[in-house]
Asker: 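One structure, as structure tokens, below. Some questions next.
In what follows, every heavy atom counts, from backbone to side chain, and hydrogens, waters and symmetry copies are set aside. Keep in mind it's a predicted model, so treat the numbers as computed, not measured.
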Amino acid sequence: MRAKSGDILFKEKYIKKEKAYRISRAGIGHVPEGRRIFSDLNVEDNLIVATIAIKNNDTKINEEIEKIYDLFPVLKERKSQKADTLSGEEQQMLAMARALLAGAKVLLLDEPSMGLSPLFVEKIFDTLKILKKAGETILLVEQNLNLALDIADRAYVLETGKIVKEGQASDLKNDSAIKSAYLGM
């Protein structure tokens, strides 16, 4: 199979035109900008919907949901609450939790800090550090370059859709041009 412009190769298969559920089953978890949770469902039902990768094993489902509640304790407190009544921060946690429960081998996060309070941005990035330490693979698109470089191994700096710098995150964080243009130093 030949690659065409814009094709996305994952696990030796082109997935650009695959249905969302097939991409999820392939191990890609997406946390989109805007979160896109099931607003009419409560928190726990949103989590249960995401356990499709676990299939019909109620014990395993409950164990995995408990792990999520350990990672995001506020979700346990709000498990009976309708998702659309959660704060933006809590909805972000729920979106991340759903991607993790779906069995994501690669977690794609699109602007996880957008529209969140500074305190919660810090909490989200602390959670990302925990996930990274646990061996999760994370692809992060983030405008807060300073925070992104703190957790990234490798980074790409984009300007109007073009890569202007790339390399090890630690190298970019110490790059004088990056400091001047993007980090306000």
Asker: Applying side chain to side chain contact (heavy atoms under 4.5 Å, CB included) to Phe38 and Asp45, what does each step give before you reach the verdict?
Answerer: CA-CA 9 Å; Phe38 295 111; Asp45 288 342; over 6 Å; no

Asker: If every non-hydrogen atom of Ala155 is compared with every non-hydrogen atom of Leu149, which pair is closest and at what distance?
Answerer: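 Looks like CB-CD2, 3.5 Å.
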
Asker: Which atom pair, heavy atoms only, marks the closest approach of Lys132 to Ile138?
Answerer: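 Closest heavy-atom pair between Lys132 and Ile138: N-CD1, 4.3 Å.
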
Asker: About how many Å separate CD1 of Ile65 and NZ of Lys60, when rounded to the nearest 0.5 Å?
Answerer: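 So the NZ of Lys60 and the CD1 of Ile65 are separated by 12.0 Å.
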
Asker: Which hydrophobic side chains are connected to Leu158, either touching it within the sub-4.5 Å cutoff or through other members that do?
Answerer: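 Members other than Leu158 - counting any ILVMFWY side chain reachable under 4.5 Å - are Tyr156, Ile163.
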
Asker: Spell out, as yes or no, whether a donor-acceptor pair under 3.5 Å connects the side chain of Ser180 to the backbone of Ala177.
Answerer: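 Judged by distance alone, no pair lies under 3.5 Å.
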
Asker: Counting only heavy atoms not in Lys123, do more than 12 fall under 6.0 Å of its NZ?
Answerer: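 For Lys123, atom NZ is not crowded (no more than 12 foreign heavy atoms under 6.0 Å).
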
Asker: For a quick test of reading the model, state the closest non-hydrogen atom pair linking Pro112 to Val141 and the distance between them.
Answerer: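 Pro112 and Val141 have their closest heavy atoms at CD-O, 3.6 Å.
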
Asker: Return the OG to CD distance between Ser113 and Glu89, rounded to the nearest 0.5 Å.
Answerer: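 Between atom OG of Ser113 and atom CD of Glu89 there are 11.0 Å.
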
Asker: Evaluate the side-chain hydrogen bond (donor to acceptor under 3.5 Å, both in side chains) criterion for residues Asn174 and Lys179: first the C-alpha distance (whole Å), next the side-chain angles of each, then the deciding distance (0.1 Å), finally the verdict.
Answerer: CA-CA 7 Å; Asn174 294 318; Lys179 282 181 178 181; 4.5 Å; no

Asker: Do the side chains of Lys129 and Asp150 get close enough for a salt bridge, i.e. N-O under 4.0 angstrom?
Answerer: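 Between Asp150 and Lys129 there is no salt bridge, as every charged N stays at least 4.0 Å from the carboxylate O atoms.
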
Asker: How many angstroms lie between atom CG of Leu47 and atom NZ of Lys79, to the nearest 0.5 angstrom?
Answerer: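 These two atoms lie 10.5 Å from each other.
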
Asker: Closest approach of Ile28 and Ala104, non-hydrogen atoms and distance?
Answerer: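 Taking Ile28 first and Ala104 second, the nearest heavy atoms are C-CB, 4.4 Å.
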
Asker: Rounded to the nearest 0.5 Å, what separates atom CD1 in Ile130 from atom CD1 in Ile151?
Answerer: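 Output value for this atom pair is 11.5 Å.
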
Asker: Could you give the distance from CG (Leu75) to CD (Gln81), rounded to the nearest 0.5 Å?
Answerer: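 Leu75 atom CG to Gln81 atom CD measures 10.0 Å (nearest 0.5 Å).
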
Asker: When hydrophobic residues are tied together by side-chain contacts of less than 4.5 Å, even through go-betweens, does Leu94 share a cluster with Leu41?
Answerer: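 Not linked; separate clusters.
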
Asker: Just wondering, are more than 12 heavy atoms of other shown residues or ligands nearer than 6.0 Å to CZ in Arg36?
Answerer: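 No, not enclosed.
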
Asker: Quick one: list whatever passes salt bridge (charged side-chain N to carboxylate O under 4.0 Å, His left out) with Glu122, sequence neighbours left out.
Answerer: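 Partners of Glu122 under the salt bridge (charged side-chain N to carboxylate O under 4.0 Å, His left out) test: none.
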
Asker: Test question: given the 4.5 Å side-chain rule for I, L, V, M, F, W and Y, name all other residues clustered with Met114, or answer none.
Answerer: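 Answer for Met114: none, a lone residue.
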
Asker: Walk me through it: do Glu142 and Leu147 pass the test side chain to side chain contact (heavy atoms under 4.5 Å, CB included)?
Answerer: CA-CA 8 Å; Glu142 177 59 54; Leu147 285 173; 5.5 Å; no

Asker: Rounded to the nearest 0.5 Å, what's the gap from CD on Gln92 to CD on Glu111? Could you check?
Answerer: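 The CD atom of Gln92 sits 10.0 Å away from the CD atom of Glu111.
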
Asker: Within a strict 4.5 Å, meaning less than it, do heavy atoms of the Val74 and Leu86 side chains meet?
Answerer: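 No - every pair of side-chain heavy atoms lies 4.5 Å or more apart.
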
Asker: Taking the side chain as C-beta and beyond, is there a heavy-atom pair between Lys173 and Ile178 under 4.5 Å?
Answerer: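 Answer no - side chains too far apart.
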
Asker: Less than 4.0 angstrom from a charged side-chain N to a carboxylate O is my criterion; do Glu63 and Lys67 meet it?
Answerer: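 Salt bridge absent between Glu63 and Lys67.
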
Asker: Within the 4.5 Å heavy-atom criterion, are Leu71 and Leu100 side-chain neighbours or not?
Answerer: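 Yes. Closest side-chain heavy atoms under 4.5 Å.
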
Asker: Of the non-hydrogen atoms in Asn42 and Glu44, which two are nearest, and what is the gap between them?
Answerer: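 Of all heavy-atom pairs spanning Asn42 and Glu44, the closest is OD1-N, 3.1 Å.
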
Asker: Shortest non-hydrogen contact from Lys105 to Thr137?
Answerer: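 So the two residues come closest at O-CB, 3.5 Å.
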
Asker: I'd like to know if Val164 and Leu172 are part of one continuous hydrophobic network [Ile/Leu/Val/Met/Phe/Trp/Tyr, side-chain heavy atoms within less than 4.5 Å].
Answerer: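 Leu172 clusters together with Val164.
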
Asker: May I have the step-by-step check of side chain to side chain contact (heavy atoms under 4.5 Å, CB included) for Met93 and Met96, ending in yes or no?
Answerer: CA-CA 5 Å; Met93 283 187 246; Met96 288 175 65; 5.8 Å; no

Asker: Could you please spell out the steps behind the side chain to side chain contact (heavy atoms under 4.5 Å, CB included) verdict for Arg98 and Asn46?
Answerer: CA-CA 7 Å; Arg98 286 184 348 164; Asn46 262 274; 3.1 Å; yes

